[in-house]
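To find a chain, count down the sequence lines: A is the first, B the second, and so on, and within it residues start at 1. Note that the structure is a prediction, hence the values are computed from the model and not measured.
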Protein chains: 2
Amino acid sequence: MRPSSDTAQDPCPMVSFVQIISGKWAIPILYRLIVTANPIRFSELQRAVHPITQKELTKQLRLFEQRHLVTRRVYPEVPPRVEYQITPLGQSLKPTLDSLADWMRQHQHDLTTDD
Amino acid sequence: MRPSSDTAQDPCPMVSFVQIISGKWAIPILYRLIVTANPIRFSELQRAVHPITQKELTKQLRLFEQRHLVTRRVYPEVPPRVEYQITPLGQSLKPTLDSLADWMRQHQHDLTTDD
DNA sequence: CAGCATCCCGTACGATACTG
DNA sequence: CAGTATCGTACGGGATGCTG
């Protein structure tokens, strides 16, 4: 059954994961989109993710689009409006990222560097 | 019950997480230590985490030590031996990282960039 | 408003050589 | 074996200015 057998030989999925979420803002943006669930405008997203620049936000969103984690909808209106929404694939990461967020909340005190 | 209330205002735990796992090798190393559970020698760890250099491995291990995620044990022997082991705090990340690894295995096919 | 183009800097990371 | 030291490059990512 080829159980990837290891316990000591296959760190690869994690390497792939790092490919996807590398970058200072990747996880915060993605999690914001997951939590929001509904379409959200570019500027709104930027406000939500604190001091991120347009450049970085745009770059990450493009990457997420390529990965099919986010959809981009452009409304051909006079004041341009673009909305982003998490895909079902992206939403499927929610339990995992929730768990991650919980872990952080519970343990950020233990992670002190003051020794 | 104060369910962290937001749904739209607190991406902070994720920002903290990024601090901890930033770096190309952080997650792969940490996960390897978690899966291994037992003490593991420096050279063994380096072999397990594929083409990582000593420099980078050392740097990450030092950071994990500071964060109390890993312990370092030096044996004053003639051929120097140093063993690293995940701490209980580090182990408590296992379910989350397992979930992450599972998600990657299930979806790495969906994450194609070929569109 | 959304986002591309440009400039610029810090540092993450790799390769190599040296030490206890 | 398990590091430290040094060097050089590539890339991440911030700031600013310009366009449809």
Side-chain angles (χ1 to χ4, degrees), chain A residues 11 14-33 36 38-67 69-86 113, chain B residues 11 14-30 32-33 36 38-67 70-86 113:
Chain A
M14 287 316 198
V15 172
S16 310
F17 182 71
V18 173
Q19 305 293 321
I20 291 177
I21 53 76
S22 66
K24 185 175 177 182
W25 300 103
I27 293 265
I29 294 170
L30 193 63
Y31 196 55
R32 170 63 36 188
L33 286 163
T36 301
N38 295 315
I40 180 176
R41 299 191 59 166
F42 184 90
S43 54
E44 199 180 346
L45 188 56
Q46 188 182 1
R47 250 174 287 116
V49 188
H50 291 137
I52 190 176
T53 62
Q54 296 100 324
K55 180 189 166 188
E56 296 304 312
L57 183 52
T58 302
K59 197 206 304 182
Q60 280 298 330
L61 288 170
R62 293 289 175 279
L63 288 174
F64 288 148
E65 256 191 290
Q66 286 180 38
R67 258 75 168 183
L69 292 167
V70 168
T71 56
R72 177 184 134 114
R73 179 90 197 250
V74 181
Y75 294 85
E77 299 177 355
V78 175
R81 176 162 56 118
V82 181
E83 292 186 343
Y84 294 88
Q85 185 173 19
I86 195 79
T113 294
Chain B
M14 287 316 198
V15 173
S16 310
F17 182 71
V18 173
Q19 305 292 321
I20 290 176
I21 53 75
S22 66
K24 185 175 177 181
W25 299 104
I27 293 267
I29 294 169
L30 193 63
R32 169 64 34 186
L33 286 164
T36 302
N38 295 316
I40 179 176
R41 300 189 60 165
F42 184 89
S43 54
E44 198 179 346
L45 187 56
Q46 187 183 0
R47 251 174 285 116
V49 188
H50 290 139
I52 191 177
T53 62
Q54 297 101 321
K55 180 189 165 189
E56 294 305 311
L57 183 52
T58 302
K59 196 206 306 181
Q60 280 298 330
L61 288 170
R62 293 288 176 281
L63 287 174
F64 288 148
E65 256 191 291
Q66 285 181 40
R67 258 75 169 186
V70 168
T71 57
R72 175 185 136 114
R73 179 91 199 247
V74 182
Y75 294 84
E77 299 177 355
V78 174
R81 176 162 57 118
V82 181
E83 291 186 343
Y84 294 88
Q85 185 173 19
I86 196 78
T113 293

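- Taking the centre and axis of the six-membered ring of F64(B), the NZ or CZ atom of R62(B) falls outside the cone set by 45° and 6.0 Å.
- Axis angle between the ends of the helix from dC1(C)-dG20(D) to dG20(C)-dC1(D), five pairs each and rounded to 10 degrees, works out to 40°.
- Across all strands shown, Y84(B) has heavy atoms under 4.0 Å from sugar-phosphate atoms exclusively, and none from any base.
- Taking OG1 of T53(B) as the reference point, atom CH2 of W25(B) lies at 8.5 Å (rounded to 0.5 Å).
- Remark: R81(B) engages E83(B) in a salt bridge, criterion side-chain N to carboxylate O under 4.0 Å.
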Enumerate all atom pairs, one protein N or O and one N or O from nucleotides 9-16 of chain C, separated by less than 3.5 Å.
| residue | atom | partner | partner atom | Å |
| --- | --- | --- | --- | --- |
| dC13(C) | OP1 | K24(B) | N | 2.6 |
| dC13(C) | N4 | K55(B) | NZ | 3.3 |
| dG14(C) | OP1 | K24(B) | NZ | 2.9 |
| dG14(C) | OP1 | W25(B) | NE1 | 3.4 |
| dG14(C) | OP2 | W25(B) | NE1 | 3.2 |
| dG14(C) | N7 | K55(B) | NZ | 3.3 |
| dG14(C) | O6 | K55(B) | NZ | 2.1 |

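- Side-chain contact between R32(B) and L45(B) is present, with heavy atoms from C-beta onward closer than 4.5 Å.
- Looking at every heavy atom in both residues, Q60(A) comes nearest to A26(A) through OE1-CB, 3.5 Å.
- In this structure, R41(A) reaches the dA2(C) phosphate: one of its side-chain N or O atoms is under 4.0 Å from OP1 or OP2.
- Of the candidate nucleotides dC1(C), dG20(C), dG3(C), dG20(C) has the atom nearest to the side chain of P80(B).
- Annotation for I52(A) and Q46(A): closest pair O-NE2, 3.1 Å, computed over non-hydrogen atoms.
- Between E65(A) atom CD and dG3(C) atom C1' there is a gap of 13 Å when expressed in whole angstrom units.
- The distance from the CD1 atom of I29(A) to the CG atom of L63(A) is 9.5 Å, given to the nearest 0.5 Å.
- Counting 5' to 3', DNA chain D first comes under 4.0 angstrom of a heavy atom of chain B and last does so at the ends given by dC1(D) to dC7(D).
- For dA2(C), the OP1/OP2 oxygens have no side-chain nitrogen or oxygen of R72(A) closer than 4.0 Å.
- The minimum heavy-atom distance linking R67(A) with I20(A) is given by the pair NE-CG1, 4.1 Å.
- Nearest heavy-atom pair, Y84(A) versus V70(A), reported as atom, atom and distance to 0.1 Å: CD2-CG1, 4.0 Å.
- Look at CD1 on I40(A): it is 10 Å from P on dA2(C), rounded to the nearest Å.
- Here CD1 of I40(A) is found 8.5 Å from CZ of R47(A). Values are rounded to the nearest 0.5 Å.
- Look at K59(B) and E56(B) and you find a salt bridge, because one of the NZ, NE, NH1 or NH2 atoms lies within 4.0 Å of a carboxylate O, short of that distance.
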